[in-house]
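Atom set for the values below is all heavy atoms of this structure, side chains included, hydrogens, waters and symmetry mates excluded.
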Amino acid sequence: MIAALALLLLCTQQVLGATRVYNWTTGWGYANPDGIKSRPIITCNGQFPWPDVRVTKGDRVVINLTNGFNNTNTTLHVHGMFLKGETQMDGPPFLSQCPIGPNDTFTYNFTVPDNVGAYWYHSHTDAQYEDGMRGVFIIDDGENNENFPYEYDEEMVLQIGEWYDRTVAELKPAFMNYDNPTGAEPIPQNLLINNTRNLTWNVEPDKTYLLRIINTGGFVSQYFWIEDHDLEVVEIDGVQTEKMTASMLYITVAQRYTVLLKTKSSSDKNYAIMQKYDDTMLDVIPNALELNQTSYMMYDSSKTKPNQSYVDSLDDFLDDFYLVPYEKQELFPEPDHRIELDVVMDNLDDGINYAFFNNITYVAPKVPALMTALSAGKYATNSYIYGTNTHTIILKANETVELVLNNQDTGTHPFHLHGHVFQTIVRAPAVDDSDSPVAYNASNHTSFPKYPMRRDTLYVRPQSNFVIRFKADNPGVWFFHCHIEWHLMQGLAIVLIEDPLTLQKTASQQLTENHKRVCKNVGVAIEGNAAGNTTDWFNLMGQNVQVKPIPGGFTARGYVAFVFSCVAGVLGLITITIYGLMDLQNVEERVIEDLDISPAELLEEDDEEIEASRVCATSKRSSLEEQKIGEEQKIGEQETVRPLSS
Ligand SMILES: *[C@@H]1O[C@H](CO)[C@@H](O)[C@H](O)[C@H]1NC(C)=O
Ligand SMILES: *[C@@H]1O[C@H](CO)[C@@H](O)[C@H](O)[C@H]1NC(C)=O
Ligand SMILES: *[C@@H]1O[C@H](CO)[C@@H](O)[C@H](O)[C@H]1NC(C)=O
Ligand SMILES: *[C@@H]1O[C@H](CO)[C@@H](O)[C@H](O)[C@H]1NC(C)=O
Ligand SMILES: *[C@@H]1O[C@H](CO)[C@@H](O)[C@H](O)[C@H]1NC(C)=O
Ligand SMILES: *[C@@H]1O[C@H](CO)[C@@H](O)[C@H](O)[C@H]1NC(C)=O
Ligand SMILES: *[C@@H]1O[C@H](CO)[C@@H](O)[C@H](O)[C@H]1NC(C)=O
Ligand SMILES: *[C@@H]1O[C@H](CO)[C@@H](O)[C@H](O)[C@H]1NC(C)=O
Ligand SMILES: *[C@@H]1O[C@H](CO)[C@@H](O)[C@H](O)[C@H]1NC(C)=O
Ligand SMILES: *[C@@H]1O[C@H](CO)[C@@H](O)[C@H](O)[C@H]1NC(C)=O
Ligand SMILES: *[C@@H]1O[C@H](CO)[C@@H](O)[C@H](O)[C@H]1NC(C)=O
Ligand SMILES: *[C@@H]1O[C@H](CO)[C@@H](O)[C@H](O)[C@H]1NC(C)=O
Ligand SMILES: [Cu+2]
């Protein structure tokens with residue numbers, strides 16, 4: 001009887017999955033992944049790179065993350081997890097958790113009942129993952145991946161990304177800077193593959209490899225191809241697909257492509273594995289930058305290594321829009337809730353370039369949004385209490401949400417939604433810099449796919465738009481943001497709060513004792529509205545707010561154009577003096593680069609410029625005078641507006 005019971009228990013255990021425990025402590029060390037320069041990197045238990053995680057669908061994962069930094073907070077996000085009932089394990093600080101202070105441990109404890117495939121994990125604090133705090137996270141579909149729908153012989157993981165020769169702490173001050181008015185992102189030095197370069201992959205002939213390519217970078221998209229070999233896509237971002245053959249992939253940061261790769265029958269020759277920058281994402285392309293990286297697919301290591309593989313065009317990469325999920329989920333019906341977001345990059349009064357959804361650049365609240373939702377009772381369904389600068393949108397239980405994203409910027413941006421995969425129903429073509437941005441037109445759009453592609457990270461093309469749909473079937477607090485770490489730093493994020501009343505009633509959503517202690521240790525309140533007010537939920541006095549706008553009605557692009565005119569115009573020098581530290585040559589170059597204005601166009605506009613220069617010289621002066629006031633306000637703007645409660 002007891003034996004039978006024990007057996008039953010054992011079987012249940014088997015079905016429910018194992019518990020995998022990881023004890024990780026962050027720290028600083030040195031490494032030289034690109035073979036060019038040794039630099040400080042973030043280590044895991046003193047090691048670099050961070051370990052691979054491999055679990056099986058249904059397992060419980062426990063990651064004890066100890067903050068081993070002496071002077072910075074940290075958090076960990078496992079990218080793409082649905083975390084049903086476990087939103088507090090998601091990672092973004094001030095959203096789903098309190099930051100983990102130095103010498104403290106947060107226990108990430110979650111199950112993976114409905115995710116399979118290739119994922120990754122990374123710090124969700126202060127772009128720490130650009131300093132190396134990131135790794136691969138694979139979830140087998142059943143024991144030994146036995147439920148995976150396609151046959152293969154071997155598995156291989158390739159982790160790609162870009163690499164800087166300096167730390168984020170060194171790069172950020174110059175990026176978020178008055179002297180970088182166009183928001184030009186730092187240029188990486190190299191592309192990495194498996195945290196190195198010149199990688200050798202020894203393959204056997206006549207084999208089918210399940211190759212998982214994971215972009216754990218924080219900025220540039222990469223073209224990826226293997227000389228004379230087809231890549232048969234079978235999974236993207238953890239969503240299994242019908243096979244689609246490609247010769248080249250375009251992989252944004254945070255995206256994953258799993259492909260079947262059949263090796264040749266002959267071992268006569270070795271082949272190049274190619275990575276290439278999407279150089280349209282770089283504001284300048286330094287002469288020394290190697291835009292492509294060659295690694296080696298070796299059939300026979302006694303034979304010579306391959307040279308780089310040339311391609312006629314980079315336009316032939318697979319368009320993920322046309323992929324069909326293996327599990328054919330039909331197009332969601334007409335939405336219950338439509339969200340429309342315009343992406344804008346613009347300057348505020350401190351001269352720094354920020355990123356906006358509509359007119360809001362995300363600023364974290366004082367109380368994490370989850371804690372506000374859990375403590376607000378019936379007010380939890382009113383987005384106002386989460387703060388006016390967090391861009392919080394409340395979603396009702398199980399409603400169908402359509403998110404329309406209109407990119408008014410000239411760059412490509414990869415957007416990531418936490419806690420979901422979404423259906424992609426429209427992605428419009430790029431719009432040339434010389435034309436105006438094209439917004440989605442609901443009464444004139446391309447036909448929606450019957451079985452839309454689903455994934456968790458999707459790029460929007462320059463000055464173009466995409467439309468996605470998903471079901472709000474995951475009560476929790478979820479970030480939607482650009483996965484370019486520089487743009488997240490600039491505030492390109494919104495917060496979605498799904499069904500907060502169900503969240504409040506769910507036992508597993510209550511803060512763990514460990515979580516409460518982490519909050520206490522770092523001095524973050526776990527009750528109250530965005531400003532920490534627990535008595536008057538609609539009083540946001542003292543909340544965190546964005547820097548105030550540039551006075552005089554200068555808007556984002558206006559400002560850039562304005563700097564440009566100033567620099568180009570006859571009164572340019574006066575402006576330069578006012579700016580003080582600005583380097584004339586450089587600013588001009590960067591602004592031209594950013595706006596893609598040809599010098600010829602400039603000359604034509606000469607008259608207007610002189611006029612503009614006069615205006616800018618005076619406006620800038622008054623803007624600077626007001627800056628002092630701005631600085632004070634920035635620290636704690638007093639908000640006393642009380643809206644009608646819903
Ligand atoms: C993790 O640490 C706990 C104690 O803090 C220990 O009991 C456990 O064995 C460790 N697990 C692993 C996998 O290192
Ligand atoms: C890769 O090769 C280049 C020269 O081709 C070399 O400078 C670099 O150090 C190598 N990197 C690594 C990590 O081996
Ligand atoms: C880490 O996880 C284990 C589970 O094995 C748990 O018992 C332990 O208390 C955790 N350690 C710390 C330091 O939180
Ligand atoms: C904190 O850590 C940094 C980086 O490891 C180190 O340079 C610094 O000296 C440390 N500070 C203290 C107070 O220990
Ligand atoms: C860590 O987080 C706490 C709470 O928000 C904050 O007071 C502290 O300044 C943060 N530390 C750093 C180094 O950012
Ligand atoms: C770190 O925390 C441990 C207990 O978790 C404590 O014993 C130790 O003194 C702390 N170290 C520092 C430097 O605060
Ligand atoms: C993880 O969560 C489960 C379910 O709540 C709980 O039984 C278990 O004790 C937790 N483990 C740790 C290490 O906190
Ligand atoms: C690349 O790294 C992964 C772990 O992230 C490892 O499993 C794989 O074997 C490596 N590939 C090569 C060719 O070394
Ligand atoms: C790789 O880049 C170099 C210069 O950076 C260029 O000469 C070469 O043509 C490029 N190769 C490919 C395959 O694009
Ligand atoms: C954004 O615009 C809306 C509507 O015009 C306004 O209510 C809100 O205060 C603005 N927010 C910010 C941060 O400027
Ligand atoms: C949402 O749908 C799920 C599954 O269909 C169901 O279990 C749940 O009760 C629904 N939630 C509400 C609040 O209706
Ligand atoms: C609909 O959009 C297409 C493509 O953008 C455009 O060519 C066409 O003129 C539009 N039709 C209407 C009625 O606006
Ligand atoms: Cu972006």
Completion exercise
Exactly one candidate in V324, L323, D320 meets side chain to side chain contact (heavy atoms under 4.5 Å, CB included) with M244; the answer is L323

Problem - Lys NZ or Arg CZ of R454 over F470 ring: under 6.0 Å, within 45° - result: no

Handout entry: Donor-acceptor pair between Q88 and Q97 side chains, under 3.5 angstrom
Key = no

Practice task
Verify whether one side chain among T66 and T105 offers a donor that lies under 3.5 Å from an acceptor in the other.
Solution key: yes

Handout entry: Test side chain to side chain contact (heavy atoms under 4.5 Å, CB included) applied to V367 and N529, step by step
Key = CA-CA 7 Å; V367 174; N529 65 17; over 6 Å; no

Practice task
Count the heavy atoms belonging to other residues, nucleotides or ligands that lie under 6.0 Å from CD of E146, then report whether that count exceeds 12.
Solution key: yes

Problem - is_close_aromatic(W478, H77), centroid dist under 6.0 Å - result: no

Handout entry: Side chains of Q255 and I213 in contact at under 4.5 Å (non-hydrogen atoms)
Key = no

Exercise for the section: Say whether S123 and Q128, considering side chains only, have a donor N or O and an acceptor N or O under 3.5 Å apart. Expected result: yes

Handout entry: T75 side chain vs G91 backbone, donor-acceptor pair below 3.5 Å
Key = yes

Exercise for the section: Could you tell me whether R54 and D140 have a side-chain N and a carboxylate O separated by less than 4.0 Å? Expected result: yes

Exercise for the section: Look at the aromatic rings of F415 and F466 and report parallel, tilted or perpendicular, splitting at 30° and 60°. Expected result: perpendicular

Handout entry: Given I214, N194, N195, I251, the one that forms side chain to side chain contact (heavy atoms under 4.5 Å, CB included) with I160
Key = I251

Handout entry: Check: M453 and Q423 side chains under 4.5 Å, non-hydrogen atoms
Key = no

Exercise for the section: Kindly give the heavy-atom pair with the smallest separation between P333 and R469, and that separation in Å. Expected result: O-NH1, 3.3 Å

Practice task
List the steps and the verdict of ring-ring contact (aromatic ring centres under 6.0 Å, His included) for Y121 and W24.
Solution key: CA-CA 13 Å; Y121 62 83; W24 290 346; 4.8 Å; yes

Handout entry: Exercise: do D473 and N398 side chains pair donor with acceptor under 3.5 Å
Key = no

Practice task
Specify whether W201 and Y209 have parallel, tilted or perpendicular ring planes, treating 30° as the upper limit for parallel and 60° as the lower limit for perpendicular.
Solution key: perpendicular

Practice task
Mind telling me whether W28 and F69 have parallel, tilted or perpendicular rings, with 30° and 60° as the class edges?
Solution key: tilted

Practice task
Would you please indicate yes or no on a ring centroid separation below 6.0 angstrom for F110 and Y108?
Solution key: no

Practice task
Kindly state whether the ring of H481 and the ring of F479 have centres lying under 6.0 angstrom apart.
Solution key: yes

Practice task
Say whether H79 and T216, considering side chains only, have a donor N or O and an acceptor N or O under 3.5 Å apart.
Solution key: no

Practice task
Determine whether L496 and L417 make a side-chain contact, defined as any pair of heavy atoms from C-beta on separated by less than 4.5 Å.
Solution key: yes

Handout entry: Exercise: do R39 and N32 side chains pair donor with acceptor under 3.5 Å
Key = no

Practice task
Scan side-chain atoms only and decide if N145 and Y152 contain a donor-acceptor pair under the 3.5 Å cut-off.
Solution key: yes

Practice task
State, without any angle test, whether Y250 and S221 hold a side-chain donor-acceptor pair at a distance under 3.5 Å.
Solution key: yes

Exercise for the section: Measure centre to centre between the rings of Y379 and Y384, then say whether the value is under 6.0 Å. Expected result: no

Problem - salt bridge (charged side-chain N to carboxylate O under 4.0 Å, His left out) assessment of R256 paired with D456 - result: CA-CA 10 Å; R256 292 87 67 205; D456 63 37; 2.9 Å; yes

Practice task
Determine, using ring centers only, whether F480 and H418 are less than 6.0 Å apart.
Solution key: no

Practice task
Determine, for F332 and K471, whether the Lys NZ or Arg CZ falls below 6.0 Å from the six-membered ring centre while staying within 45 degrees of the axis.
Solution key: yes

Exercise for the section: Measure the shortest side-chain to side-chain distance between D59 and T19 over non-hydrogen atoms and say whether it is less than 4.5 angstrom. Expected result: no

